[in-house]
Number of protein chains: 2
Amino acid sequence: MIEPIGTIWVMPVAKGSTIDPERTRATILEAAAPVLYERGLDGIGVAELCARIGISKETLYRHFGTKDALVEAVLEVRSDRVMRWLASAVAAAGEDPADQLSAVFDALGQWYDEPVFRGCAMLNAAAQHHVEAVRAITARHLGRYLELLTGIASRAGAADPHLLGRQLLILVEGATVVAAHHSAVGAGDHARRAALTLLSAARTSLEC
Amino acid sequence: MIEPIGTIWVMPVAKGSTIDPERTRATILEAAAPVLYERGLDGIGVAELCARIGISKETLYRHFGTKDALVEAVLEVRSDRVMRWLASAVAAAGEDPADQLSAVFDALGQWYDEPVFRGCAMLNAAAQHHVEAVRAITARHLGRYLELLTGIASRAGAADPHLLGRQLLILVEGATVVAAHHSAVGAGDHARRAALTLLSAARTSLEC
DNA sequence: CAATGGTCAAACCGATCGGTTCGATCTCGG
DNA sequence: CCGAGATCGAACCGATCGGTTTGACCATTG
């Protein structure tokens, strides 16, 4: 299993100078991500955030310049990680598009059951922060989801792959929202069964 | 058409004393709702909020005591209004459960197209505010949605009405999220067609 | 005509926010 | 071993926040 929200051990940033600034930046990003996810982007101040991830404010501002810039970088990394995670789940499911679709919702279902699950970080961010850049990252994230799902729909021979892809995206996001804000139990399973029903219907309607 | 987010004309609160405090409270609620929805719960301060709705801070605090209390009251009213709106759309659709389901997603689709549409107010609130009361209101809101949808599924003679109800809830919330954060065009339509496919499948699986 | 009490605008309060600055410390390259 | 530079912790800054208080209206009640 590939976990999208793995706990990160804070590798203490070396005090000296030359130790790869890019690595320091990455370390900060990985440490800040779960804290911002848990507390909400505006739910934690820069001071407390720095204390939690074990760096000084000056270091944070040296590497990111702004809290917003840090947030955007965190979201970018998160989006990349989630997409890699889902893509590998699909790849591990073999050739059958139906199996690939099942794999997506099974993976989501496992995510929903994690104790730290608090919904989709990108959607939460877009709902909180009205900064345009954040909304753009979220929109792009959903676009990447759509690509992956439309690909499955297409390989499955759906009558209208773009329609089915959009419908599958609606299922994915809906399941995540319901799991986060109503009840996580079964959400992944229910969405998976719905997805397979839609896939089947989109195929048979082609055969007729 | 019943609009869930109708613009409210601010009836200036009477200066004198005895003019029905309950009515004043309701007036404030109706004026505050669209502003909080547009700007986000934490995206506008109490001072600016009061200026926008045309009352003084003291009046607001006299009637609600706390910004959080105002927010919770606004969300309660909003949830009631949305549910009445959907219930009346269902009632206007006649007896056929499939028609009722279509009516739900048609109504949602019209909502998505409104220029002020910014996603589900309850979901946005829960994503922003980590106050337990707000999350509870959101959860209850989704529960009411689920009741309505399960009712339709049940009347349609679905093999497993509770499963279908949950799947329809996922479609409703997913469509709203996609419309808000990716692209509003067609979201209601795609979700409606998916819902009808699921409904049909849940029925035929019973007949077999 | 008081008296009551809801209203307003504005000043005010302490807390917290994002962000900056400073002096001291440490690591590394030369 | 020395200078450059990254880091820390803490002090500091102006702005804004949620919430309170004040003093002057004004509309209704008795």
Side-chain angles (χ1 to χ4, degrees), chain A residues 10-32 35-36 39-75 125 128-134, chain B residues 10-32 35-36 39-75 125 128-134:
Chain A
V10 181
M11 170 206 315
V13 178
K15 284 273 182 88
S17 59
T18 323
I19 316 185
D20 195 354
E22 209 55 46
R23 182 126 197 104
T24 305
R25 195 183 140 101
T27 303
I28 294 176
L29 278 178
E30 298 234 321
V35 180
L36 288 171
R39 295 282 297 271
L41 302 186
D42 295 328
I44 188 170
V46 173
E48 188 184 352
L49 176 63
C50 287
R52 287 278 297 268
I53 67 184
I55 62 170
S56 69
K57 290 175 68 174
E58 188 185 348
T59 300
L60 187 151
Y61 280 102
R62 171 187 312 281
H63 286 277
F64 295 95
T66 277
K67 188 188 182 185
D68 283 349
L70 169 69
V71 163
E72 290 159 24
V74 164
L75 291 177
Q128 298 166 34
H129 239 309
H130 281 201
V131 177
E132 185 52 36
V134 168
Chain B
V10 180
M11 170 206 315
V13 179
K15 286 268 181 92
S17 59
T18 322
I19 317 185
D20 196 353
E22 208 56 43
R23 183 125 196 105
T24 305
R25 193 183 142 101
T27 303
I28 295 175
L29 278 178
E30 298 233 323
V35 180
L36 288 171
R39 296 282 298 272
L41 302 185
D42 295 328
I44 189 172
V46 173
E48 188 183 352
L49 176 63
C50 287
R52 287 278 296 269
I53 67 184
I55 62 169
S56 68
K57 290 175 69 174
E58 188 188 349
T59 300
L60 188 150
Y61 279 103
R62 172 187 313 282
H63 285 279
F64 296 94
T66 278
K67 187 188 183 186
D68 283 349
L70 169 70
V71 164
E72 291 160 24
V74 164
L75 292 178
Q128 297 165 34
H129 240 315
H130 280 199
V131 177
E132 184 52 35
V134 170

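If you're wondering where the values come from, they're calculated on a predicted model, not measured in any experiment. Just so you know, these numbers use all the heavy atoms, side chains as well, and skip hydrogens, waters and symmetry mates. Each chain gets a letter, A, B and so on, in the order the sequences are listed, and its residues count up from 1.
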What is the distance from [atom1] of [X] to [atom2] of [N], rounded to the nearest Å?
| X | N | atom1 | atom2 | answer |
| --- | --- | --- | --- | --- |
| B/R25 | C/dT7 | CZ | P | 13 Å |
| B/I55 | D/dC25 | CD1 | P | 22 Å |
| B/L60 | C/dG6 | CG | P | 15 Å |
| A/K57 | C/dG18 | NZ | C1' | 7 Å |
| B/L41 | D/dG18 | CG | C1' | 15 Å |
| A/R52 | D/dC8 | CZ | C1' | 20 Å |
| A/L49 | C/dT16 | CG | P | 17 Å |
| A/I44 | C/dG18 | CD1 | C1' | 14 Å |

Do the side chains of [Y] and [X] get nearer than 4.5 Å, heavy atoms only?
| X | Y | answer |
| --- | --- | --- |
| A/H129 | A/D42 | yes |
| B/T59 | B/I28 | yes |
| A/L70 | A/L29 | yes |

Worksheet item: Reckon B/T24 has a side-chain N or O less than 4.0 Å from the OP1 or OP2 of C/dT7?
Response: yes

Worksheet entry | Phosphate OP1/OP2 of C/dA10 contacted by B/S56 side-chain N/O (<4.0 Å) | no

Worksheet item: A/E58 has a side chain; which of D/dT20, C/dG23, D/dG23 sits nearest to it?
Response: C/dG23

Discussion item. Heavy atoms from C-beta onward define the side chain here; which of D/dT7, C/dG19, D/dG18 lies closest to that of B/Y61?
Written reply: D/dG18

Worksheet item: What residues in residues 62-69 of chain B put a non-hydrogen atom under 4.0 Å from any atom of DNA chain C?
Response: B/R62, B/H63

Worksheet entry | Where at least one partner belongs to residues 58-74 of chain A, residue pairs that pass salt bridge (Lys or Arg N to Asp or Glu O under 4.0 Å), sequence neighbours excluded | A/E58-A/R62

Worksheet item: At their closest point, which heavy atom of B/V46 faces which heavy atom of B/Y61, and how far apart are they?
Response: CG2-OH, 3.4 Å

Fill in: Nearest heavy-atom neighbours spanning B/A69 and B/F64
CB-O, 3.2 Å

Discussion item. The criterion is salt bridge (charged side-chain N to carboxylate O under 4.0 Å, His left out); which residues satisfy it with A/R39, sequence neighbours excluded?
Written reply: A/E48

